[in-house]
Amino acid sequence: MSFLELKNITKRYGPLTAVGDVSLSVEKGEFVSLLGPSGCGKTTTLQMIAGFVEPSAGTIRLDGRDITRAKANSRGLGIVFQSYALFPHMTVFDNVSFGLEMQRVPKGERKPRVEEALSLVHLSPYAKRYPRELSGGQRQRVALARALVIRPPVLLLDEPLSNLDAKLREAMQFELREIQRKVGTTTVMVTHDQAEAFSISDRVVVMEAGRITQIDQPYRIYEHPETEFISRFVGKTNLLPGKVVTATGAGATVSLAGIAVPVEAAGLSVGETVTLCIRPEKLHLTVPADGLLTGRVADRFFLGSQWLYHIDGPLGTLMVVTANDGSTPAEPGATVGLEWSPSVVRVHRGAMAEAPDVALEVTG
Amino acid sequence: MTRNGPVALIFHTAVVIFMLAPLAIVCLVAFTPENTLSLPTNGFSLRWFDAVFHHPDFVQSFWNSLWLAVLSATLAVVLAVPASLAITRWEFPGRGFLNALFLSPLIIPHLVLGVAMLRLFAIVGATGSFGWLVAAHIVIVTPYVMRLLIAAISGFDRSVEQAAFSLGASEATVFRRVTLPMILPGVTGGWLIAFINSFDELTMSIFITSPSTVTLPVRMYMYATESIDPMMAAVSALIIGITAVAVLLLDRVYGLDRILVGQH
């Protein structure tokens, strides 16, 4: 049995189902992220684990013990809130010490444990300061130390990094992971930021409209999204509507606006409507004669380590990302060829959910 | 920081003078050796201050007012904290009605309240009771406390309380260690305003005080209707002085910003 187990967890508010039938098993020491757009139920799920929201149905088990109806203050979980939720009238030391005091840890034992927690997050010199005297990143660390000092079986992180600026967020991502590895606490994080979820999680749980749509390792989610929603929500993607024209055992040919494209997908039948999904970095620019398609560079954007091109062609506008490896980039207005390997094309059955021009917008 | 233009400066100066001049003049007049409220005076004397302290009625009334204000402000806070928490945080039937009820004394003239209370006191046989006077004052000062507390509680990040819960604190502990300290600016600010309002109250108190419970404003009013002499000015100067010292002490010890603005 898993360490933390959610079984058919449901939360209804009147006629509205915020979380529907969510089941999830988290192993001891694992770092799992709940990823999804706002309103997908990820925060409600976290609050049910924390005990702030009572599930309408389902059970939550922690280390074999049923905690579904247990009060939040008896669960002993460590929680880091989006707003950090530090006690503004207490010093950093007292903030961290609060949990130990509540657990009736003897005074003599509290001090070394608080100091240990503060040194873990590199805040030892700030013990006497008040939260208002700290920067956003430092407050974040205090919140983390306060949650970890009680040695919780599970650490819950609610959008822990979303209030930090981009540079600091990236640094904190790695630090968070390092600290989590060091203390080995089982962690569940809620985030809407896929880069954050991917870079620090062992597994990512993608949620959509109150339900789990995919649970997988970050790389698998990016390369093999199970639904069109995931491929659109996670990273940038080109979505192309087409129709299957030939189908053999493990492969098929899909017609996109009259152009035949080979794909590797089993079980398709001739005449079926499908949506192809190709990541922009899997498309390569070539001289026009060598490409599967030709198009014109409509625009290009410099992203530092990469170039992002918008290529107008027979399939509409496609996004192409190439590494900035020092070679001369294609000029706007130039005619280029596009090629890709059939193995990078993902096929989703059925028509696209939205109009193609909307779907081609950059998401995530 | 933008600098004020000359017109704004003149306007600000005029406002400050307009507000401070009566206080300054009352204080000056209090030191006159004359028998009338005269300015300019031809000397300096403490005889009217001496007169106040040898006037047992005034001393008695001062203590009455002080006790009345302390008790009604404190009890109003005790009443308003749970009421404000309930009204701001929970949806329950009659919430709007309760909110309006608590705030209604603000819009009812004190004259009307005075007459109503007089009648009520007569019916319950409480005429002259200090306890009932306190109750009447609680009615009129509670709305002020409620307003400040509701403002303080509305801006409260509930996840701070959730954090305390998750660390194992009981509900009572969360209130004592987290909620109360965080709304303390609202509580102390509310208490101060309630105290001042109660200490100052004249219109309603005229109707419901008895000879043994006469408050300082009522005593001053009664005295002034009979005779005008500089003793009135001396009493006023004393009140101004006590208030100023109290505010200064509070600022030194605790910081007025922290109490009234809540700079965490």
Side-chain angles (χ1 to χ4, degrees), chain A residues 43 46-47 49-53 67 70-91 94-105 117 130-134 139 142-160 163, chain B residues 77 81 84-86 88-93 95 148-149 151-192 250-251 253-264:
Chain A
T43 299
L46 193 83
Q47 291 198 313
I49 302 175
F52 299 137
V53 172
I67 59 163
K71 289 182 98 182
N73 54 12
S74 69
R75 297 190 184 194
L77 306 182
I79 304 169
V80 175
F81 294 85
Q82 185 172 6
S83 61
Y84 315 142
L86 300 179
F87 308 128
H89 54 290
M90 296 185 201
T91 60
D94 291 342
N95 262 280
V96 178
S97 174
F98 187 86
L100 297 177
E101 207 180 315
M102 291 305 119
Q103 299 193 336
R104 304 215 160 69
V105 173
Y130 283 90
R132 62 172 178 274
E133 298 165 330
L134 301 178
R139 287 178 201 189
V142 177
L144 193 59
R146 184 179 65 177
L148 285 175
V149 77
I150 61 171
R151 296 181 186 149
V154 175
L155 178 66
L156 303 175
L157 309 170
D158 183 9
E159 304 260 6
N163 284 346
Chain B
V77 165
V81 168
S84 312
L85 280 170
T88 346
R89 292 188 170 177
W90 293 313
E91 285 288 343
F92 54 90
R95 177 170 162 267
L148 275 179
L149 279 175
I153 295 166
S154 305
F156 193 100
D157 178 10
R158 301 252 1 225
S159 58
V160 179
E161 288 175 326
Q162 291 188 333
F165 273 124
S166 73
L167 292 167
S170 67
E171 267 153 57
T173 309
V174 171
F175 178 75
R176 191 169 50 82
R177 296 283 307 272
V178 177
T179 315
L180 196 58
M182 283 179 72
I183 61 170
L184 195 63
V187 172
T188 41
W191 190 90
L192 265 181
L250 211 56
D251 191 33
V253 175
Y254 203 73
L256 274 188
D257 297 1
R258 256 170 79 188
I259 299 169
L260 297 174
V261 186
Q263 286 188 339
H264 279 302

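Sequence lines set the chain letters: A, B, ... in the order given, protein chains first and strands last, and positions in each chain run from 1.
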_side-chain contact (heavy atoms from CB on, under 4.5 Å), that's the test. Do Phe156(B) and Thr88(B) meet it? Break it down for me._
CA-CA 10 Å; Phe156(B) 193 100; Thr88(B) 346; over 6 Å; no

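- Residue contact with chain B, scored on non-hydrogen atoms closer than 4.5 Å, involves the backbone of Leu77(A) exclusively.
- Contacts with chain B were tallied for Phe87(A), Phe98(A), Phe52(A); Phe52(A) has the most, counting heavy-atom pairs under 4.5 Å.
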*asked:* Working note: Phe81(A) + Asp157(B), criterion side-chain contact (heavy atoms from CB on, under 4.5 Å); need CA distance, chi angles, decisive distance, verdict.
replied: CA-CA 11 Å; Phe81(A) 294 85; Asp157(B) 178 10; over 6 Å; no

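- Of the two parts of Tyr130(A), neither the backbone nor the side chain holds a non-hydrogen atom closer than 4.5 Å to a non-hydrogen atom of chain B.
- Residue Leu86(A) touches chain B through its backbone alone, counting heavy-atom pairs closer than 4.5 Å.
- At least one donor-acceptor pair closer than 3.5 Å links the side chain of Arg75(A) to the backbone N or O of Ala70(A).
- Looking at Ser159(B), the atoms closer than 4.5 Å to chain A (heavy atoms on both sides) sit in the backbone and in the side chain alike.
- Most heavy-atom pairs under 4.5 Å with chain A, from the set Val178(B), Leu167(B), Val174(B): that is Leu167(B).
- Here the straight-line distance linking atom CD of Gln47(A) with atom CD of Gln162(B) works out to 5.5 Å at 0.5 Å rounding.
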*asked:* I'd like to know whether Leu157(A) forms a side-chain contact (heavy atoms from CB on, under 4.5 Å) with Leu144(A), so could you lay out the CA-CA distance, the side-chain angles of the two residues, the decisive distance to 0.1 Å, and finally the verdict.
replied: CA-CA 9 Å; Leu157(A) 309 170; Leu144(A) 193 59; 4.3 Å; yes

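- No part of Glu133(A) comes within reach of chain B, as not one of its non-hydrogen atoms sits under 4.5 angstrom from that chain.
- Residue pairs meeting the side chain to side chain donor-acceptor pair (under 3.5 Å) criterion with at least one partner in residues 174-187 of chain B, sequence neighbours excluded, are Glu101(A)-Arg177(B), Glu161(B)-Thr179(B).
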